[in-house]
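Before any comments, here is the structure.
Just so you know, residue 1 is the first one in the sequence shown, and it goes up from there.
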Amino acid sequence: NKDEFFREGDYLPPKPFLETIRRPTSRNILMFERWKEKKNLLLKRYNERRTKVLGKKIINNTVAPKREVYDELRKYKMVLYFDSKCPSCKGMFSVVNSLVENGIYVEAVRLDEGKNAVRGLRIPWSKASVKEISALKISAVPMLMVFSEENKKAFKIVGKKSAEEILEIIQRATKT
């Protein structure tokens, strides 16, 4: 029941999320979903106004993907290979956190040395073995391995991608 239990380094999840995790009643789940929608609406409104005032678009997309994107991605399991010092990997952490929050299975595997906490990544990580790195031929990070249990396929996605881009890449690969 203590908030500190959920603390990950400097990050403490928002109160609506904590309430839903502690007591996952239908009412709490629906209230949390409404809270996320309102938060996204406010961010979208702010970004539109900011663009008018400053005259430039915001590069990073702070508005969450549509629910259908997450529904479609739930069919897959994913493994993120990252280097804790890589800026693109750090940028990918928010996408991974969002995927996990929306019920998508994601594992994180660290490629660099070090045992310290990984700031910004809210899921546990494991250390990659030399054998795993060479078997997957990892030459660039972040690298997301996406596994489909349905058709027994795996997809390798390199670089920082949004949830929508991940889904697009998977859909293009399955069409060929």
Could you tell me whether the side chains of S126 and R110 share a donor-acceptor contact shorter than 3.5 Å? no

Where do F155 and I166 land on the side chain to side chain contact (heavy atoms under 4.5 Å, CB included) test, with the steps shown first? CA-CA 10 Å; F155 309 95; I166 293 168; over 6 Å; no

Would you tell me whether K36 and N102 have side-chain atoms, one donor and one acceptor, within less than 3.5 Å of each other? yes

Is the shortest heavy-atom distance from the side chain of D3 to the side chain of K15 under 4.5 Å? yes

Please tell me whether T20 and N28 have a donor and an acceptor in their side chains that are separated by less than 3.5 angstrom. no

Connected-component partners of I29 among ILVMFWY, side-chain separation under 4.5 Å: none

Distance, nearest 0.5 Å, that separates CG of L167 from CZ of R172: 10.5 Å

Is the shortest heavy-atom distance from the side chain of Y105 to the side chain of V100 under 4.5 Å? no

For the pair R119 (side chain) and K90 (backbone), establish whether a donor and an acceptor sit closer than 3.5 Å, ignoring hydrogens and angles. no

Show, in sequence, the C-alpha distance, side-chain angles and deciding distance for L144 and K161, and conclude whether the side chain to side chain contact (heavy atoms under 4.5 Å, CB included) test is met. CA-CA 9 Å; L144 190 66; K161 307 286 186 229; over 6 Å; no

Lys/Arg N to Asp/Glu carboxylate O, K44 vs E37, below 4.0 Å: no

L80 side, atom CG; E107 side, atom CD - distance, nearest 0.5 Å: 10.5 Å

Supply the atom-to-atom distance S88 OG to F93 CZ, rounded to the nearest 0.5 angstrom. 10.5 Å

Shortest non-hydrogen pair, K160 vs P142, comes out as N-CG, 3.9 Å

Would you give the length of the straight line joining atom CD of E72 to atom CZ of R67, rounded to the nearest 0.5 angstrom? 15.0 Å

For K77 and E149, what are the C-alpha separation, side-chain angles and deciding distance, and is it a salt bridge (charged side-chain N to carboxylate O under 4.0 Å, His left out)? CA-CA 8 Å; K77 291 188 177 189; E149 291 181 358; 3.2 Å; yes

Can you check side chain to side chain contact (heavy atoms under 4.5 Å, CB included) on Y76 and I170, steps first, answer last? CA-CA 10 Å; Y76 303 93; I170 293 169; 3.3 Å; yes

Mind checking whether F32 and F17 have parallel, tilted or perpendicular rings, split at 30° and 60°? tilted

Which is it for R45 and R49 under the side chain to side chain contact (heavy atoms under 4.5 Å, CB included) test, yes or no, and what are the steps along the way? CA-CA 6 Å; R45 233 176 42 196; R49 183 70 181 138; over 6 Å; no

Side chain proximity check, Y70 to L99, heavy atoms < 4.5 angstrom: yes

Taking NZ in K137 as the centre, count heavy atoms belonging to other residues, nucleotides or ligands within less than 6.0 Å. Is the count above 12? no

Could you tell me whether R23 atom CZ has more than 12 heavy atoms of other residues or ligands within 6.0 Å of it? yes

Return the minimal non-hydrogen interatomic distance between L121 and A108, and the atom names on each side. CD2-CB, 3.7 Å

S98 side chain to S94 main-chain N or O, any donor-acceptor pair under 3.5 Å? no

Distance-only, no hydrogens or angles: does the E19 side chain make a donor-acceptor pair with backbone N or O of P16 under 3.5 Å? no

Do K115 and K127 come close enough that some side-chain heavy atom pair is under 4.5 Å? no

With a 4.5 Å heavy-atom cut-off, do W125 and F82 have their side chains touching? yes

Rounded to the nearest 0.5 Å, what's the gap from CG on L73 to CD on E68? Could you check? 11.5 Å

Does the side chain of E101 come within less than 4.5 Å of R122's, by heavy atoms? yes

Under a side-chain separation threshold of 4.5 Å, the hydrophobic residues clustered together with L111 are V79, Y81, V109, I133, L136, I138, V141, M143, M145, F147, V158

Looking only at the side chains, is there a donor atom on one of N151 and S148 sitting less than 3.5 Å from an acceptor on the other? yes

Whether the side chain of D83 engages the backbone of D112 through a donor-acceptor N/O pair (distance < 3.5 Å, no angle test) should be reported. no

